[in-house]
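The sequence lines fix the lettering, A, B, ..., with proteins before strands; numbering per chain opens at 1. As a basis for the values below, the full set of heavy atoms in this structure was taken, side chains included, without hydrogen atoms, waters or symmetry mates. Being a predicted model, the structure only gives us computed values, none of them experimental.
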There are 2 protein chains.
Amino acid sequence: MAVDKGYMSGSSTMLVLAILAEKPYYGYELIKTLKQRSNDTFDMKEGTLYPILHKLENDALVASSNQEVSGRVRKVYAITEKGSRALAKEKQEWNEFSMAVNQVLTFGVV
Amino acid sequence: MAVDKGYMSGSSTMLVLAILAEKPYYGYELIKTLKQRSNDTFDMKEGTLYPILHKLENDALVASSNQEVSGRVRKVYAITEKGSRALAKEKQEWNEFSMAVNQVLTFGVV
DNA sequence: TTGACATACCTAGAATAACGAGGTATAATA
DNA sequence: TATTATACCTCGTTATTCTAGGTATGTCAA
């Protein structure tokens, strides 16, 4: 990660879901997209992503299918209805968390 | 934690330093202050705080001294010059990180 | 005065999450 | 043909937090 890896903890799953909320992606493509969207701040490793995708699929938050993309079969992941609901909840938690952090950091600052 | 514990990872140390940046605190007091400042979002456990304080002291980011506070000897922690510099850096990293998250979450949203 | 509760500091072990480093295979390109 | 990029995967290490305990003191009500 470009940022301290500790920060990533907990938000990785949400970030993956957020990317998939737009349209289906396959793993490798997802990493590149995440990197782009974050202006090179997030450089998620494959050793991080694939276990996350497998867990998401296991929990039925995403569904995978083998599809031919530009002449090659790839495992494409799509978000499910359940996944969309989970994402909405995680976004809410993230907002609560980040606001609380900013509140502590800016205490006393006018 | 009131929020998912995963989110805390990485920011706990920064939050402790941020509290100490205002004035010296002893451990127990610090937990209560953090909880107040965050509107009950952060409920840090003692098993989390004390190891953090010990590590911070070991790295010379804080300094401790036994002081009598309201008729009782307590271990009071104060931020050092080095600690202030570390806090400034961590704040910067936090800003970079949270902005990147928000950028990914709000992609395509007008 | 005695028992319960809050205060106050601490540690060991379990759980979780991300990473590094490796493996395997195919396609493109020089 | 050799190298690089693509593409998916797993295992073991490391880092961080929590749970659950231990110890001790002060306060307050029954």
Side-chain angles (χ1 to χ4, degrees), chain A residues 1-17 24-36 38 41-59 62 64-77 90 93-94 97 101, chain B residues 1-17 24-36 38 41-59 62 64-77 90 93-94 97 101:
Chain A
M1 281 296 139
V3 287
D4 188 284
K5 99 176 176 185
Y7 284 128
M8 289 311 295
S9 221
S11 30
S12 292
T13 297
M14 174 179 67
L15 292 170
V16 168
L17 282 177
Y25 282 92
Y26 56 92
Y28 205 78
E29 195 186 13
L30 213 155
I31 288 177
K32 292 190 183 305
T33 304
L34 183 59
K35 189 172 165 145
Q36 272 179 8
S38 65
T41 302
F42 302 141
D43 188 14
M44 189 176 279
K45 305 300 179 222
E46 300 180 36
T48 303
L49 177 66
Y50 289 112
I52 286 176
L53 286 175
H54 299 158
K55 190 182 186 311
L56 284 174
E57 185 167 28
N58 208 59
D59 295 345
V62 303
S64 75
S65 58
N66 288 315
Q67 286 178 34
E68 197 177 309
V69 182
S70 43
R72 199 168 159 184
V73 174
R74 288 168 176 122
K75 205 168 173 182
V76 175
Y77 290 87
E90 284 186 49
E93 276 178 36
W94 159 258
F97 169 72
V101 169
Chain B
M1 282 294 139
V3 285
D4 189 285
K5 95 177 179 187
Y7 284 128
M8 291 310 296
S9 220
S11 30
S12 293
T13 297
M14 174 180 67
L15 292 171
V16 168
L17 282 177
Y25 282 92
Y26 56 92
Y28 205 77
E29 195 186 14
L30 212 155
I31 287 178
K32 292 189 185 305
T33 304
L34 182 59
K35 188 172 165 142
Q36 272 177 10
S38 66
T41 303
F42 301 141
D43 188 16
M44 189 176 278
K45 306 301 179 222
E46 299 181 35
T48 304
L49 177 66
Y50 289 111
I52 286 176
L53 285 174
H54 299 157
K55 190 181 185 312
L56 283 174
E57 185 166 30
N58 207 59
D59 295 344
V62 304
S64 74
S65 57
N66 288 315
Q67 284 178 35
E68 197 176 311
V69 182
S70 43
R72 200 167 161 184
V73 174
R74 287 169 177 122
K75 204 167 174 183
V76 174
Y77 290 87
E90 285 187 47
E93 276 178 36
W94 160 256
F97 169 72
V101 169

- Query: Step by step, would you call Val76(B) with Glu29(B) a side chain to side chain contact (heavy atoms under 4.5 Å, CB included)?
  - Reply: CA-CA 10 Å; Val76(B) 174; Glu29(B) 195 186 14; over 6 Å; no

- Task: Report yes if some heavy atom in the side chain of Val69(A) is under 4.5 Å from a heavy atom in the side chain of Tyr26(A); otherwise report no.
- Result: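 Yes - at least one pair of side-chain heavy atoms lies under 4.5 Å apart.
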
- Message: A side-chain contact here means heavy atoms from C-beta on lying under 4.5 Å apart; do Val101(A) and Phe42(B) qualify?
- Response: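 Side-chain contact under 4.5 Å: yes.
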
- Item | Contacts of type side-chain hydrogen bond (donor to acceptor under 3.5 Å, both in side chains), residue Glu57(B), not counting sequence neighbours |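 Expected list: Ser64(B).
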
Roughly how many Å is it from [atom1] in [X] to [atom2] in [N], rounded to a whole number?
X: Leu49(A); N: dG20(C); atom1: CG; atom2: P; value: 14 Å
X: Phe42(B); N: dT17(D); atom1: CZ; atom2: P; value: 12 Å
X: Leu15(A); N: dA18(C); atom1: CG; atom2: C1'; value: 13 Å
X: Lys45(B); N: dG21(D); atom1: NZ; atom2: P; value: 15 Å
X: Ile52(B); N: dT11(C); atom1: CD1; atom2: P; value: 14 Å
X: Leu34(B); N: dT17(D); atom1: CG; atom2: P; value: 12 Å
X: Leu30(B); N: dC10(C); atom1: CG; atom2: P; value: 13 Å
X: Ile31(A); N: dT6(D); atom1: CD1; atom2: C1'; value: 11 Å

Spacing of [atom1] belonging to [X] relative to [atom2] belonging to [Y], to within rounding of 0.5 Å:
X: Ile31(B); Y: Tyr50(B); atom1: CD1; atom2: OH; result: 6.0 Å
X: Met14(A); Y: Leu17(A); atom1: CE; atom2: CG; result: 9.5 Å
X: Leu49(B); Y: Tyr77(B); atom1: CG; atom2: OH; result: 8.0 Å
X: Leu53(B); Y: Glu46(B); atom1: CG; atom2: CD; result: 11.0 Å

Expected rows: protein N/O vs nucleotides 3-5 of chain C N/O, under 3.5 Å:
none

Identify all pairs in which a protein N or O lies below 3.5 Å from an N or O of nucleotides 8-16 of chain D, and state each distance.
| from | atom 1 | to | atom 2 | distance (Å) |
| --- | --- | --- | --- | --- |
| dC8(D) | OP1 | Lys75(A) | N | 3.1 |
| dC8(D) | OP1 | Lys75(A) | O | 3.4 |
| dC8(D) | OP2 | Gly27(A) | N | 3.2 |
| dC8(D) | OP2 | Tyr28(A) | N | 2.9 |
| dC8(D) | OP2 | Tyr50(A) | OH | 3.2 |
| dC8(D) | N4 | Glu46(A) | OE1 | 2.6 |
| dC9(D) | OP1 | Lys75(A) | NZ | 2.8 |
| dC9(D) | OP2 | His54(A) | NE2 | 3.1 |
| dC9(D) | N4 | Glu46(A) | OE1 | 3.4 |

- Message: Walk me through whether Met44(A) and Val16(A) qualify under side chain to side chain contact (heavy atoms under 4.5 Å, CB included).
- Response: CA-CA 10 Å; Met44(A) 189 176 279; Val16(A) 168; 4.2 Å; yes

- Task: Taking ring pair (Phe, Tyr, Trp, His ring centres under 6.0 Å) as the test, write out the residues that go with Tyr7(A), two or more places apart.
- Result: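 Here the qualifying residues are Phe97(B).
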
- Message: Using the salt bridge (charged side-chain N to carboxylate O under 4.0 Å, His left out) criterion, which residues pair with Lys32(A)? Sequence neighbours excluded.
- Response: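 With sequence neighbours excluded, Lys32(A) shows a salt bridge (charged side-chain N to carboxylate O under 4.0 Å, His left out) to no residue whatsoever.
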
Is there any protein nitrogen or oxygen under 3.5 Å from a nitrogen or oxygen in nucleotides 25-27 of chain D, and what are the pairs?
| from | atom 1 | to | atom 2 | distance (Å) |
| --- | --- | --- | --- | --- |
| dT25(D) | O2 | Arg72(B) | NH2 | 3.3 |

